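Following: one structure in structure tokens, then a few remarks.
In the text below, chain A, chain B and the rest are named by the order of the sequence lines, each starting its count at 1. On a predicted model such as this, the values are computed, not experimentally measured, just so you know. Hydrogens, waters and symmetry mates are skipped; everything else that's a heavy atom, side chains included, is used.
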Amino acid sequence: MTWIAIAAGTIAGLAAARLRLPGGPLPLALLASGAVTLLANEPRPAEPPQALGWAALALLGMGLGAGATRLTVQRVRRLGLLGPASVVVIVVAGLLTGVLLGRVSGIPIATALLGTAPGGSGEMAAAAFSVGASAEVVVVMQFVRQLLVMAVLPVVLSAGLAHVRARRNRATGPTDPVP
Amino acid sequence: MGVWLSFPAGAMVGAFVAVGAWQLGSDAVPAQLRAARQFGLSLLGALVGIGLTREVLPLVTQLLPVVVASVIVMLAIGLGLAYVLARSGRAGFATAIFALAPGGLAEMTSAAESAGGDAGVVAAVHLFRIVVIVLSVPVVASLAGSLW
């Protein structure tokens, strides 16, 4: 049954990638494979070969490394010290939130840290898979984060832009209405 | 090599370091490597899904409120930093917001593009953040897991 679950999950993930579903292939692959496992209702599903996990991790690493081009470095540099410094603050905040979440909820600290770290959901799930944390909980936490950000950000952006325009209008006096 | 060195998430970190070092001398992202990532994500999702047993489902529901609260904290920090970055004049408002929001790389890049931000900068900052996290958080999580 393990192999059927892996096949179902991989096919569902590739379909999600093809259809460009939000969240990418990971959530749908997990749901499909999880559904097969739950339906089979085996008390203890057989462990997949370790090499398969390494292969998935290596493919993810290759994909991540592919984006690290000269152009990427130039773009980050354009932001000066403030860009990288902001990223470091976000990473540290993510770690602190993870420690706090681990304390409050009682979930293992490694799972909490990887669940709250604002890395890619795939990369964090891969890390969880590798260090023995609960990868399925990490995926759900990462997915909730991405959904929430997607829902909140457009509202914040339009409010922020309205604020910037209003301030600009106040500074320059009454001008044509903003479309 | 990453696995052989027993580095946390060694297969991913090792492959990232090798391909990243090669790519630093290039400006293009090969399509095969993009496809490799999609396949890797699908396979990983399938492998993780096997652990989705009846015992895990209630835990996920129970965790939801604290997870939402932690995301709100992260979002507020990201927005605060984006405000500072936009005020510094190094990036536009939309670019700063989407670059420092704790969302997914692909989603934030396309949203920035449709909001009139600089999608290239947004993608670069997200990639930089993910790289910093991939290189640091598995080590911290592994250490914290063995200490606590």
Original post:
Considering residues at least two apart in sequence or located in another chain, which fulfil the side chain to side chain contact (heavy atoms under 4.5 Å, CB included) criterion with Leu14(A)?
Top reply: Thr10(A), Phe39(B), Ser42(B)
Starting at [atom1] of [X], measure out to [atom2] of [Y] and round the result to the nearest 0.5 Å.
| X | Y | atom1 | atom2 | value |
| --- | --- | --- | --- | --- |
| Leu44(B) | Glu123(A) | CG | CD | 9.5 Å |
| Leu60(A) | Arg37(B) | CG | CZ | 6.0 Å |
| Ile90(A) | Ile77(B) | CD1 | CD1 | 8.5 Å |
| Leu81(B) | Leu82(A) | CG | CG | 8.0 Å |
| Leu33(B) | Leu59(A) | CG | CG | 9.5 Å |
| Thr2(A) | Leu47(B) | OG1 | CG | 10.0 Å |

Does [X] share a hydrophobic cluster with [Y], counting links as ILVMFWY side-chain heavy atoms below 4.5 Å and allowing steps through other members?
| X | Y | value |
| --- | --- | --- |
| Val67(B) | Leu96(A) | no |
| Met74(B) | Val104(A) | yes |
| Leu143(B) | Phe129(A) | yes |
| Val155(A) | Leu100(B) | no |
| Val68(B) | Leu153(A) | yes |

Heavy-atom pairs under 4.5 Å with chain B - which of [options] has more of them than the others?
| options | answer |
| --- | --- |
| Met141(A), Gln74(A), Arg18(A) | Met141(A) |
| Gly80(A), Pro108(A), Ala117(A), Ala85(A) | Gly80(A) |
| Leu79(A), Val91(A), Thr72(A), Leu26(A) | Leu79(A) |
| Pro118(A), Gly94(A), Gly13(A), Ala40(A) | Pro118(A) |
| Leu71(A), Val73(A), Val139(A), Ile6(A) | Ile6(A) |
| Pro27(A), Ala29(A), Ala16(A) | Ala29(A) |

Between [X] and chain B, with a heavy-atom cut-off of 4.5 Å, which part of the residue counts as in contact: side chain, backbone, both or neither?
| X | result |
| --- | --- |
| Pro48(A) | side chain |
| Ser121(A) | neither |
| Leu95(A) | side chain |
| Ala133(A) | neither |
| Ala93(A) | both |
| Val36(A) | neither |
| Leu52(A) | both |

Please find the pair of heavy atoms, one from [X] and one from [Y], that lie closest to each other, and give the distance.
| X | Y | value |
| --- | --- | --- |
| Ala17(A) | Gln38(B) | CB-OE1, 3.4 Å |
| Gly83(A) | Leu85(B) | N-CD1, 4.4 Å |
| Ala46(B) | Ser33(A) | O-OG, 2.6 Å |
| Thr116(A) | Ser70(B) | CG2-OG, 3.9 Å |
| Gln23(B) | Ala66(A) | NE2-O, 2.8 Å |
| Ala15(B) | Ala58(A) | CB-O, 3.3 Å |

**OP:** Tell me, with the steps shown, if Leu127(B) and Leu64(A) meet side chain to side chain contact (heavy atoms under 4.5 Å, CB included).
**Re:** CA-CA 8 Å; Leu127(B) 190 74; Leu64(A) 186 62; 3.7 Å; yes
[X] versus chain A, the contacting section by heavy-atom distance below 4.5 Å:
| X | value |
| --- | --- |
| Ala111(B) | neither |
| Val121(B) | both |
| Ala69(B) | neither |
| Val84(B) | both |

With respect to chain A, which residue among [options] yields the maximal number of heavy-atom pairs within a distance under 4.5 Å?
| options | result |
| --- | --- |
| Arg129(B), Met108(B), Arg34(B), Gln62(B) | Arg129(B) |
| Ile72(B), Val132(B), Val66(B) | Val66(B) |
| Leu64(B), Val73(B), Leu79(B) | Leu79(B) |
| Ala18(B), Ala101(B), Gly25(B), Ser88(B) | Gly25(B) |
| Val131(B), Asp118(B), Leu63(B), Leu105(B) | Leu63(B) |

**OP:** For the pair Leu75(B) and Leu148(A), evaluate side chain to side chain contact (heavy atoms under 4.5 Å, CB included) and give the outcome as yes or no after the intermediate values.
**Re:** CA-CA 9 Å; Leu75(B) 196 56; Leu148(A) 211 62; 5.9 Å; no
Subject >> Enclosure of Leu81(A) CG (heavy-atom neighbours >12, cutoff 6.0 Å) >> reply: no
Subject >> Arg87(B) CZ: over 12 foreign heavy atoms closer than 6.0 Å >> reply: no
Subject >> Partners meeting salt bridge (charged side-chain N to carboxylate O under 4.0 Å, His left out) with Arg145(A) (sequence neighbours left out) >> reply: none
**OP:** Could you please spell out the steps behind the side chain to side chain contact (heavy atoms under 4.5 Å, CB included) verdict for Met124(A) and Ile133(B)?
**Re:** CA-CA 9 Å; Met124(A) 292 303 95; Ile133(B) 287 175; 3.3 Å; yes
